[in-house]
Amino acid sequence: MHWTLRSSILFLLVWTAGCQAPEEPEPTSPNIILIVADDLGYGDLGSYGQEKILTPHLDRMAEEGMRFTDFYAGSPVCAPSRCTLLTGLHPGHAYVRDNWEAGGWGEFDAEGQLPLKTGTETLATLLQDAGYATACIGKWGLGGPDSVGLPTAQGFDHFYGYLCQRQAHNFYPTHLWRDGVREELEGNVWKNLTGKHYAHDLMTDDALSWVETQNENPDDPFFLLLTYTVPHLALQVPEDSMEPYLGTWEDPPYDGKKGYLPHESPRAAYAGMVSRMDRDVGRLMDLLESLGADENTLIVFTSDNGATYDIGGAHSEFFESNGVLRGAKGSVYEGGIRVPMIARWPGQVPAGEVSGAVGAFWDFMPTLLDVASAPPSPSTDGMSLLPAMQGKEDQAMKAERVLYWEFPAYGSQQALREGDWILLRRGLKKGDLEPELYNLRDDIGQANNLAAEFPERVARMMDLMAAEHVPSKEFPLPGVDN
């Protein structure tokens, strides 16, 4: 009897152990792809109201993901906007606050903008620490050749593209940079409208190749920062992308007298540039699906600032590139800083949703670290938008968030958004200190200045504005720091 009982117990234990479900493998950290267009306006995509330019792949991305209505770039121009993205600091705290140039516009002038400092904590360094392979492909603008600001010195394992923003004003450059080494592009001639190698295509091919290589080790996550130069001037695109638009509208030639290269069909060129980028975002999504990496990859698409004003052949008014927003690139009105933002992550980001969560470029650091389950940075000005992306907006996102911008150029400007209200000061360099106050819920086009009607709100927001500004030796704010 004793033997029978002991045998039964032993049999039960063995049977129970055999029936237990096998241990689930540890989930791998998701891949992250952040695509940043250059001077793409809030209204340049079909999902944001564009009616003339075809963007089917980015529209599909919005249908399969989430579109944000109240998202902002870090600055009205390129370099400082990218600095806020990488450091998680708003323009009142960030190191780079304007476009500083190492050289002029000649073919052999020194390349680059103000380099990030050695030891800067960037989104890339933090993701490297979390075990991510990292790459930046496209336009950099935060340090030229041989500087401490090189992408490979700021957390990126791989870089390919333009180090210098001025060089990026031509889509058929004489050279690009790969991991700090200059690569000549034979067949491209300085300041030619066309050439043998279209830089956007080269960068797309490099991005696709890098993603495919990283996927060979699916347990090792990757972060790709894809900083396209489309649709920044000059207007240049291969004929096949222009063809659908040629003859569609009246398209007067641009003679090149106001800067940038001339073009016979500038409107068709602009539309073709945007559509070519859209095509290549589609190629990237298709690649992820074919590799089986689709459901483990968050893709985010945005722009570094609003669409440019009508110079250099650009026709932002014709395309309504900034939608109903007032202002354009270089301005702290909504048209200069409010940008499209789309997030797609099958199974994690609900499809076809629209979020009114208020966010800005300095939120990318806490958001993507949250996605990676990596320790947060203690020094960021941002907050994680991951709950909003997953349709779980918390009270902090619904509260009256304070976002601050300052921009020393274009007359010297400041802006502060609190909830639905935004306070601006423009023309500080000339002593124009009068604030403008707008309620964006009722007046997204910023037509009605309410500063005189709400003096107490103005005074309180001016105090908040002053508290967010830390003076900078490199970029003093005229009208404030003098």
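Computed from a prediction, not measured in an experiment: that's the story for all the values here.
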Give, for atom CD1 of I337 and atom OH of Y42, the distance between the pair rounded to the nearest 0.5 Å. 12.5 Å
For W105, enumerate each residue passing the ring pair (Phe, Tyr, Trp, His ring centres under 6.0 Å) test, keeping only those at least two apart in sequence or located in another chain. H169
Which residues pass the salt bridge (Lys or Arg N to Asp or Glu O under 4.0 Å) test with R267, sequence neighbours left out? none
Check for a donor-acceptor pair, side chain of D481 on one end and backbone N or O of P471 on the other, with a separation under 3.5 Å. no
If a pair satisfies salt bridge (charged side-chain N to carboxylate O under 4.0 Å, His left out) and one of its residues is in residues 115-126, list it, with sequence neighbours excluded. none
Residue set satisfying side-chain contact (heavy atoms from CB on, under 4.5 Å) with L193, at least two apart, ordered chain then number -> Q236, L261, H263
Is the distance between the ring centroids of W210 and F222 under 6.0 Å? yes
Please check this pair: side chain of S147 against backbone of G144, looking for a donor-acceptor N/O pair closer than 3.5 Å. yes
Verify, without hydrogens or angle tests, whether D129 (side chain) and L126 (backbone) share a donor-acceptor contact under 3.5 angstrom. no
Please determine whether salt bridge (Lys or Arg N to Asp or Glu O under 4.0 Å) holds for the pair R425 and E436, giving the CA-CA distance in whole Å, both sets of side-chain angles, and the decisive distance to 0.1 Å. CA-CA 6 Å; R425 294 203 299 174; E436 301 172 43; over 6 Å; no
If you draw a 6.0 Å radius around CD in E418, do more than 12 non-hydrogen atoms from other residues or ligands fall strictly inside? yes
Kindly check if the number of other-residue, nucleotide or ligand heavy atoms within 6.0 Å of NZ (K52) is above 12? yes
Please check if any side-chain donor atom of Q348 sits under 3.5 Å from a side-chain acceptor atom of Q390, or the reverse. yes
Rounded distance (nearest 0.5 Å) linking atom CG of L423 with atom CD of Q414: 9.0 Å
What orientation do F318 and H315 show, parallel under 30°, tilted 30 to 60°, or perpendicular over 60°? perpendicular
What heavy-atom pair brings A124 and T134 nearest, and what distance separates the two atoms? O-CG2, 3.9 Å
Check whether the ring centres of F319 and Y270 lie less than 6.0 Å apart, and answer yes or no. yes
Residue from E183, E184, R182 passing side-chain hydrogen bond (donor to acceptor under 3.5 Å, both in side chains) with H175: R182
The criterion is side-chain contact (heavy atoms from CB on, under 4.5 Å); which residues satisfy it with N296, sequence neighbours excluded? T28, P30, N31
Could you walk me through whether R417 and Y404 pass the side chain to side chain donor-acceptor pair (under 3.5 Å) test, one step at a time? CA-CA 7 Å; R417 175 167 175 169; Y404 172 74; over 6 Å; no
Passes salt bridge (Lys or Arg N to Asp or Glu O under 4.0 Å), D201 versus R279? Steps please. CA-CA 11 Å; D201 291 353; R279 178 202 70 180; 3.8 Å; yes
Side chain of S321, backbone of D44: donor and acceptor closer than 3.5 Å? no
Per side-chain hydrogen bond (donor to acceptor under 3.5 Å, both in side chains), Y438 is matched among E334, Q446, R326 by R326
How many angstroms lie between NZ in K392 and CG in L386, if you round to the nearest 0.5 Å? 7.5 Å
Please name all residues satisfying salt bridge (Lys or Arg N to Asp or Glu O under 4.0 Å) with R82, sequence neighbours left out, ordered by chain then number. D38, D304
Considering all heavy atoms, the nearest S355-M66 contact: CB-SD, 3.6 Å
List the atom of H93, the atom of V470, and the distance in Å for their closest heavy-atom pair. CD2-CG2, 3.4 Å
Excluding sequence neighbours, so at least two apart, what forms side-chain contact (heavy atoms from CB on, under 4.5 Å) with P56? L54, D278
Counting N and O atoms only, with roles assigned by atom type, does the side chain of E320 sit under 3.5 Å from a partner on the main chain of G323, one being a donor and the other an acceptor? no
Looking at every heavy atom in both W140 and P151, which two are closest together, and how far apart are they? CD2-CG, 3.4 Å
Have W177 and E111 got a donor and an acceptor in their side chains that come within less than 3.5 Å? yes
Is a side-chain N or O of T84 found less than 3.5 angstrom from the main chain of F361, in a donor-acceptor match? no
Rounded to the nearest 0.5 angstrom, the CG-OG1 distance for L369 and T367 is 8.5 Å
For A372 and S29, work out which heavy atoms get closest and say how close. O-OG, 3.9 Å
When rounded to the nearest 0.5 angstrom, what is the spacing between OG in S377 and CG in L89? 7.5 Å
Sequence neighbours left out, what passes side-chain contact (heavy atoms from CB on, under 4.5 Å) with D294? Give chain and number order. L288, E289, R344, P346
E101 with R166: basic N within carboxylate O range, under 4.0 Å: yes
Is L40 close to L45 at the side-chain level, that is, under 4.5 Å between some pair of heavy atoms? yes
Taking T174 for its side chain and N188 for its backbone only, find out whether a donor-acceptor pair lies under 3.5 Å. no
Restricting to pairs with a member in residues 142-156, which pass salt bridge (charged side-chain N to carboxylate O under 4.0 Å, His left out), not counting sequence neighbours? none
Ring-face cation contact, F159 with R178, 6.0 Å cut, 45° max: no
Partners passing ring pair (Phe, Tyr, Trp, His ring centres under 6.0 Å) against Y228 (at least two apart in sequence or in another chain): H200
Rounded to the nearest 0.5 Å, what's the gap from CG on L58 to CD on E63? Could you check? 11.0 Å
Can you confirm if the aromatic rings of W100 and F475 lie within a centre distance of less than 6.0 Å? no
Examine distances only and state if a side-chain atom of N215 and a backbone atom of E212 form a donor-acceptor pair shorter than 3.5 Å. no
Salt bridge (Lys or Arg N to Asp or Glu O under 4.0 Å) between D280 and R283, intermediate numbers included: CA-CA 5 Å; D280 292 337; R283 291 173 64 196; 3.3 Å; yes
Does either side chain, that of Q128 or that of D157, offer a donor lying less than 3.5 Å from an acceptor on the other one? yes
Do the ring planes of Y172 and Y198 sit parallel (below 30°), tilted (30 to 60°) or perpendicular (above 60°)? tilted
Whether Q214 side chain and S209 backbone form a donor-acceptor pair below 3.5 Å: no
Would you please name every residue forming a salt bridge (Lys or Arg N to Asp or Glu O under 4.0 Å) with D98, sequence neighbours left out? none
A269 to V237 - nearest heavy-atom pair and separation: O-CG1, 3.8 Å
T120 side chain vs T122 backbone, donor-acceptor pair below 3.5 Å: no
Residue list, ring pair (Phe, Tyr, Trp, His ring centres under 6.0 Å) with H197, at least two apart or on another chain: none
Classify the ring geometry of W362 against H90: parallel below 30°, tilted from 30° to 60°, perpendicular beyond 60°. perpendicular
